[in-house]
Enquirer: 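The structure under discussion is supplied below as structure tokens; questions concerning it will follow.
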Amino acid sequence: MNREKLDGNVHSGHRARVKSRFIEHGAEHMDDCMLLEMLLFYGLPRRDTNPVAHKLIERYGSLAAVLRADVNDLKNEPDLGESSAVLLSLVSVLANRMRISGSKKISLSAPSQALEYCVSLISNKKNETVYALSVDKSMNLLSSELVNKGTLCSASVPPRTVVSSALRHNAYGVILTHNHPSGDIRPSSDDISVTRAVSAALSAIDIRLFDHVIVGTDKAFSMCKGIVLAGTQQIADNLALPDVDCFREQEYLRQVAEATSGLFCGEYGYAEK
């Protein structure tokens, strides 16, 4: 028996045992690495996926981070191919679809809820990515739709794509969100110009723009309310954020508030911080 066939038999036996454990006992007693290893069975049919799973979790920091990673980053991993990268990314996409379409609605009625959702949606993207979040009259999420994807530094946002998304989902209002891969969550002049253009386009068809949320690596900034969410902590008025000195400068905040005055519609929980 040659070595390749022997290795195949060994892996086949191991895979059968792992699958049997999952079927008989569920995932409760399986750690993240073993679950990722089992998922990779279907993308790497002839490989020992245990070391691959360990390397991915070590590289990205957690199972959740692996599954939220950009598909192109995963595709470039030396131990993965295109099929495995698509499989891993698909898990996150399907989970997000289930959250939206499930019986429990996702409420974005408070800025902190919107900021948390936006961080979970795009904080791990390597390129600037823009989403339009359509909401109903009760500020429940109807859809989170990718409206543009740019380079490492910028992504243009044609207002018509945001309008089309809002109309397609029969939105009462929209929260625009995009990420800054650099981690700097300060709004740029382009961000303000885009906000102004999108606000005007939506207003023309009687759809409200509630916010424009800028996401960094682990934090987010609400252009509507001028607040920061860092981790799970909301920091009102951008104070006490140690790595963003400019947010302590009230003059900077005043300029942002002045530049975006009248662009957002404050209703429901979004009318208050």
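Just so it is clear, the structure is predicted and the values come from calculations on it, not from any experiment.
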Enquirer: Output the distance between atom CZ (R59) and atom CG (D73), rounded to the nearest 0.5 Å.
Expert: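 Rounded to the nearest 0.5 Å, the CZ-CG separation comes to 7.5 Å.
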Enquirer: About how many Å separate CE of M139 and CD of Q113, when rounded to the nearest 0.5 Å?
Expert: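 If I round to the nearest 0.5 Å, the distance is 9.0 Å.
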Enquirer: Would you confirm whether D184, through its side chain, and H180, through its main-chain N or O, come within 3.5 Å as a donor-acceptor pair?
Expert: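 Here the side-chain-to-backbone pair does not exist.
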Enquirer: Is it the case that the side chains of Y117 and S144 hold a donor-acceptor pair, with the cut-off being a distance below 3.5 Å and no angle test?
Expert: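 On atom types as modelled, these side chains qualify, holding a pair under 3.5 Å.
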Enquirer: Rounded at 0.5 Å granularity, tell me how far CD in E82 sits from CG in N76.
Expert: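 Reported to 0.5 Å precision, the distance equals 11.0 Å.
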Enquirer: Check the surroundings of atom NZ in K75: do more than 12 heavy atoms from other residues, nucleotides or ligands lie under 6.0 Å from it?
Expert: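 12 or below, so no.
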Enquirer: In terms of side-chain heavy atoms, does S193 have a donor or acceptor partner in D190 at a distance below 3.5 Å?
Expert: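 No, because no side-chain N or O of S193 sits under 3.5 Å from a partner of the opposite role on D190.
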Enquirer: Is there a side-chain contact between V130 and V194, using heavy atoms and a 4.5 Å cut-off?
Expert: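 Answer no - side chains too far apart.
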Enquirer: How about CZ on R168, more than 12 heavy atoms from neighbouring residues, nucleotides or ligands closer than 6.0 Å, or not?
Expert: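 Yes.
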Enquirer: Distance-only, no hydrogens or angles: does the R68 side chain make a donor-acceptor pair with backbone N or O of V66 under 3.5 Å?
Expert: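 Absent.
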Enquirer: In terms of hydrophobic clustering (I, L, V, M, F, W, Y; side-chain heavy atoms under 4.5 Å; direct or indirect links), are F22 and V91 co-clustered?
Expert: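 Looking at the clustering, V91 is in the same group as F22.
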Enquirer: Between L108 and I106, is a side chain to side chain contact (heavy atoms under 4.5 Å, CB included) present by the stated rule, with each step listed?
Expert: CA-CA 7 Å; L108 303 181; I106 298 175; 4.1 Å; yes
Enquirer: Does either side chain, that of S120 or that of E116, offer a donor lying less than 3.5 Å from an acceptor on the other one?
Expert: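 There is no such pair between these side chains.
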Enquirer: Closer than 3.5 angstrom, by distance alone: can the side chain of S222 be matched with the main-chain N or O of K225 as a donor-acceptor pair?
Expert: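 Checking the backbone N and O of K225 against the side chain of S222, a donor-acceptor pair under 3.5 Å is found.
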Enquirer: Using atom types as modelled and distance alone, determine if a side-chain donor or acceptor of T129 lies under 3.5 Å from a backbone N or O of N127.
Expert: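 Checked: pair present.
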Enquirer: Take atom CG in N170; do more than 12 heavy atoms of anything else shown fall under 6.0 Å from it?
Expert: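 It does not: N170 CG has 12 such atoms or fewer within range.
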Enquirer: Testing L39, L87, L80 one by one against L44 for a side chain to side chain contact (heavy atoms under 4.5 Å, CB included), which residue passes?
Expert: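 Of L39, L87, L80, side chain to side chain contact (heavy atoms under 4.5 Å, CB included) with L44 is met by L80 alone.
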Enquirer: Could you check N179, T177, D211 and say which one makes a side chain to side chain contact (heavy atoms under 4.5 Å, CB included) with C118?
Expert: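 That would be T177; it is the only one of N179, T177, D211 passing the side chain to side chain contact (heavy atoms under 4.5 Å, CB included) with C118.
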Enquirer: Starting from Y172, can I reach V213 by hopping between I/L/V/M/F/W/Y residues whose side chains sit under 4.5 Å apart?
Expert: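 Hydrophobic grouping puts V213 with Y172.
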Enquirer: Please give me the minimum heavy-atom distance between A132 and V174, naming the atom from each residue.
Expert: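 Smallest interatomic distance, heavy atoms only, reads CB-CG1, 4.3 Å.
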Enquirer: Is it true that the side chains of N148 and H178 contain a donor and an acceptor less than 3.5 Å apart?
Expert: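 Absent: no donor and acceptor within the cut-off.
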Enquirer: How many angstroms lie between CG in L176 and CD1 in I214, if you round to the nearest 0.5 Å?
Expert: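 Interatomic distance, L176 CG to I214 CD1, rounded to 0.5 Å: 9.5 Å.
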Enquirer: Report whether V93 and I122 are members of the same hydrophobic cluster (ILVMFWY, side-chain heavy atoms less than 4.5 Å apart, transitive linking).
Expert: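 No, V93 does not connect to I122 through the hydrophobic network.
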Enquirer: Are the side chains of L141 and L133 in touch, meaning some heavy atoms are under 4.5 Å apart?
Expert: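 They are in contact (side-chain heavy atoms under 4.5 Å apart), so the answer is yes.
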Enquirer: Side-chain contact test, heavy atoms from C-beta onward, threshold under 4.5 Å: evaluate it for L121 versus V215 and give yes or no.
Expert: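 They are not in contact (no side-chain heavy atoms under 4.5 Å apart), so the answer is no.
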Enquirer: Return yes if some donor-acceptor pair links the side-chain N/O of E37 with the main-chain N/O of C33 below 3.5 Å, else return no.
Expert: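 Side chain of E37 to backbone of C33: no pair is present.
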Enquirer: Could you tell me which non-hydrogen atom of M223 sits nearest to which non-hydrogen atom of P187, and how far apart they are?
Expert: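 In this case the closest contact between M223 and P187 is CG-CG, 4.0 Å.
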Enquirer: Can you tell whether the side chains of K55 and E77 come within less than 4.0 Å, N to carboxylate O?
Expert: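 No, no charged N to carboxylate O under 4.0 Å.
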Enquirer: Going from OG1 on T161 to CG on L146, what distance comes out if it is rounded to the nearest 0.5 angstrom?
Expert: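 One gets 9.5 Å once the value is rounded to the nearest 0.5 Å.
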Enquirer: Can M30 and V18 be said to form a side chain to side chain contact (heavy atoms under 4.5 Å, CB included), step by step?
Expert: CA-CA 9 Å; M30 301 175 73; V18 172; 3.9 Å; yes
Enquirer: Are the side chain of S84 and the backbone of G43 linked by a donor-acceptor contact shorter than 3.5 Å?
Expert: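 Pair found, side chain donor or acceptor close to backbone of G43.
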Enquirer: Do the side-chain N and O atoms of S134 and H169 include a donor-acceptor pair separated by under 3.5 angstrom?
Expert: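 No, H169 and S134 have no side-chain donor paired with an acceptor closer than 3.5 Å.
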Enquirer: Identify whether NZ of Lys or CZ of Arg in R186 sits under 6.0 Å from the centre of the six-membered ring of F221 and within 45° of that ring's axis.
Expert: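 The answer is no, since R186 fails at least one limit relative to F221.
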Enquirer: Using side chain to side chain contact (heavy atoms under 4.5 Å, CB included), reason through L90 and V71 one step at a time and then give a plain yes or no.
Expert: CA-CA 9 Å; L90 189 59; V71 66; over 6 Å; no
Enquirer: Given F41 and K19, is the side chain to side chain contact (heavy atoms under 4.5 Å, CB included) satisfied, shown in steps?
Expert: CA-CA 10 Å; F41 289 170; K19 291 177 185 177; 3.9 Å; yes
Enquirer: Are I205 and V147 joined in one hydrophobic group, where the rule is that I, L, V, M, F, W and Y side chains link up if heavy atoms are under 4.5 Å apart?
Expert: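 In one cluster: yes.
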Enquirer: Report the distance from atom NZ of K105 to atom CG of L142, rounding to the nearest 0.5 Å.
Expert: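 So the NZ of K105 and the CG of L142 are separated by 8.5 Å.
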Enquirer: Return the minimal non-hydrogen interatomic distance between I175 and A114, and the atom names on each side.
Expert: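 I175 and A114 have their closest heavy atoms at CD1-CB, 4.0 Å.
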Enquirer: Counting C-beta onward and ignoring hydrogens, is there a side-chain heavy-atom pair between L36 and T49 closer than 4.5 Å?
Expert: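 When only atoms from C-beta onward are counted, T49 and L36 do not touch, as no gap falls below 4.5 Å.
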Enquirer: Please find the pair of heavy atoms, one from S89 and one from D70, that lie closest to each other, and give the distance.
Expert: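 So the two residues come closest at OG-C, 4.5 Å.
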Enquirer: Distance-only, no hydrogens or angles: does the T195 side chain make a donor-acceptor pair with backbone N or O of D191 under 3.5 Å?
Expert: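 Such a contact is found between T195 side chain and D191 backbone.
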